[in-house]
There are 2 protein chains.
Amino acid sequence: MKYIEKLRNSGLRPTKQRLQICEVLFDTQKTFHFTINELDQKIKNKTNNKISLATIYNTVHAFEKKGYLKQIPINSNQTYFDTNITDHHHFYDLKYGKLIDLENSDVGPINIKRKIDGKKIKSIEVLVKLED
Amino acid sequence: MKYIEKLRNSGLRPTKQRLQICEVLFDTQKTFHFTINELDQKIKNKTNNKISLATIYNTVHAFEKKGYLKQIPINSNQTYFDTNITDHHHFYDLKYGKLIDLENSDVGPINIKRKIDGKKIKSIEVLVKLED
DNA sequence: CACCAATTTAGAACCATTATAAAGTAGAGT
DNA sequence: ACTCTACTTTATAATGGTTCTAAATTGGTG
Ligand SMILES: [Mn+2]
Ligand SMILES: [Mn+2]
Ligand SMILES: [Zn+2]
Ligand SMILES: [Zn+2]
């Protein structure tokens, strides 16, 4: 399988569970946003195998640490993750609690004029809240 | 007191507890960022009166709804609030978990080129993550 | 096969936040 | 001032997403 090498290269053993999660997360053309519970549902639907919730948390965090997923900074009762790991931004539909990708080209360059001593900029993320 | 009218104008009864919370939040020159627990501590330090945690939650949410406080979109185990209700942005120091204000003038104009049908932009918030 | 570290797992624990429901209070009307 | 009622406070319980635990399982190396 194509994910075995990817996992090995990251120092992660290619277990059955991790490979299944990879298929759900990365076998699609379009990237998407998800919560842990939504991912759990997707896995249940796609396969007959049930993966322990603890394993899903562990795997998502491992993938995030390796840079295969991004966490989206937003206030919600659940953490949102993104399979789109390119630099990009988000619309947040307050009514439906849905995220929509906003490409860098749709925002234009952001030039942070202020500097903080001894610190480097790791990321710049724009959240555009939408109402009716 | 100066907060009585402010509360009345918002349709909020000026109770002893709300006035005390107003003093902690708004009696200072500088604005600041806080979590509910930090606010609870501040109240305990400033006054001898103890305010129920439920009341602190209720009041903070009431003030947020009235526009006297803003919630900061960030992933943390606690929700961050801001007494600075002007349009502005934030640095987030990943190492220390601290927020630093970033004025609009330090970011420059942000022009969102994409539109979502039937939706209006309510706010645009930039989060700049800092590492060492 | 033998071994060991990495991984999975069910369930418990954690803890910020929200819900509950009873007691207290502010303010309008009389 | 007294009443009345809707609003507010409060202690406490419940909720629910996330993390922890410790035992069982598994992957990979030799
Ligand atoms: Mn994480
Ligand atoms: Mn709120
Ligand atoms: Zn995205
Ligand atoms: Zn701020």
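As a basis for the values below, the full set of heavy atoms in this structure was taken, side chains included, without hydrogen atoms, waters or symmetry mates. In what follows, chains carry the letters A, B, and so on, assigned in the order in which the sequence lines appear, proteins first and then strands, with residues in each chain numbered from 1.
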- Query: In whole Å, what is the span from the CD1 atom of I51(B) to the C1' atom of dT8(D)?
  - Reply: 12 Å
- In whole angstrom, what separates I56(B)'s CD1 from dT10(D)'s P? 9 Å
- Remember a base hit wins even if backbone is also touched, and classify T79(B) as base, sugar-phosphate or nothing at under 4.0 Å, heavy atoms. sugar-phosphate
- Message: Whether D132(B) and K119(A) form a salt bridge (side-chain N of Lys/Arg under 4.0 Å from carboxylate O of Asp/Glu) is what I want to check.
- Response: yes
- Any pair with a residue in residues 89-132 of chain B that passes ring-ring contact (aromatic ring centres under 6.0 Å, His included), sequence neighbours left out, goes on the list, sorted by first then second residue, please. H33(B)-H90(B), H88(B)-H90(B)
- Take the protein atom CG of N75(B) and the nucleotide atom P of dA16(C), then report the distance between them rounded to whole Å. 16 Å
- Query: Taking NZ, NE, NH1 and NH2 as the nitrogens, is one of them in K2(B) or D27(B) under 4.0 Å from a carboxylate oxygen of the other?
  - Reply: yes
- Task: Please state how far atom CG in N37(B) lies from atom P in dT17(C), giving the value in whole angstrom units.
- Result: 7 Å
- Side-chain N,O (H61(B)) to OP1/OP2 (dT17(C)) below 4.0 Å: no
- Starting at CG of N77(A) and ending at P of dT18(C), how long is that distance when rounded to a whole Å? 9 Å
- L19(B) has an atom CG; how far is it from atom C1' of dA26(C), in whole Å? 12 Å
- Task: Flag the pair I43(B) / I21(B) as yes when at least one side-chain heavy-atom distance between them is below 4.5 Å, and no otherwise.
- Result: yes
- Note on the structure: Ranking dT8(D), dG17(D), dT10(D) by distance to the side chain of R18(B), first place goes to dT8(D)
- How far apart are the C-alpha atoms of H61(B) and F81(B), what are their side-chain angles, what is the distance that settles it, and do they pass the side chain to side chain contact (heavy atoms under 4.5 Å, CB included) test? CA-CA 10 Å; H61(B) 284 134; F81(B) 293 92; 4.3 Å; yes
- Under 4.0 angstrom between Q17(B) side-chain N/O and dT25(C) OP1 or OP2: no
- Item | Contact under 4.0 Å: Y57(A) side-chain N or O vs dT19(D) OP1/OP2 | no
- Of the listed nucleotides dT18(C), dG17(D), dA10(C), the one nearest the side chain of S52(A): dA10(C)
- Using a distance-only test with no angle check, is there a side-chain donor-acceptor pair under 3.5 angstrom linking S105(B) and E103(B)? no
- Query: Just by protein heavy atoms under 4.0 Å, how would nucleotides 22-30 of chain D read 5' to 3' in B, S and -?
  - Reply: -----BS--
- To the nearest angstrom, the CG-P distance between N58(A) and dT19(D) comes to 9 Å
Using atom types as modelled, flag every donor-acceptor pair under 3.5 Å from a side chain in residues 8-17 of chain B to any protein atom, sequence neighbours excluded.
unit_1 : atom_1 : unit_2 : atom_2 : d
N9(B)  : ND2    : E5(B)  : O      : 3.3
S10(B) : OG     : K6(B)  : O      : 2.8
S10(B) : OG     : Y68(B) : OH     : 2.4
T15(B) : OG1    : R18(B) : N      : 3.2

- Task: Specify the separation, in whole Å, of atom CG of L7(B) and atom C1' of dA26(C).
- Result: 13 Å
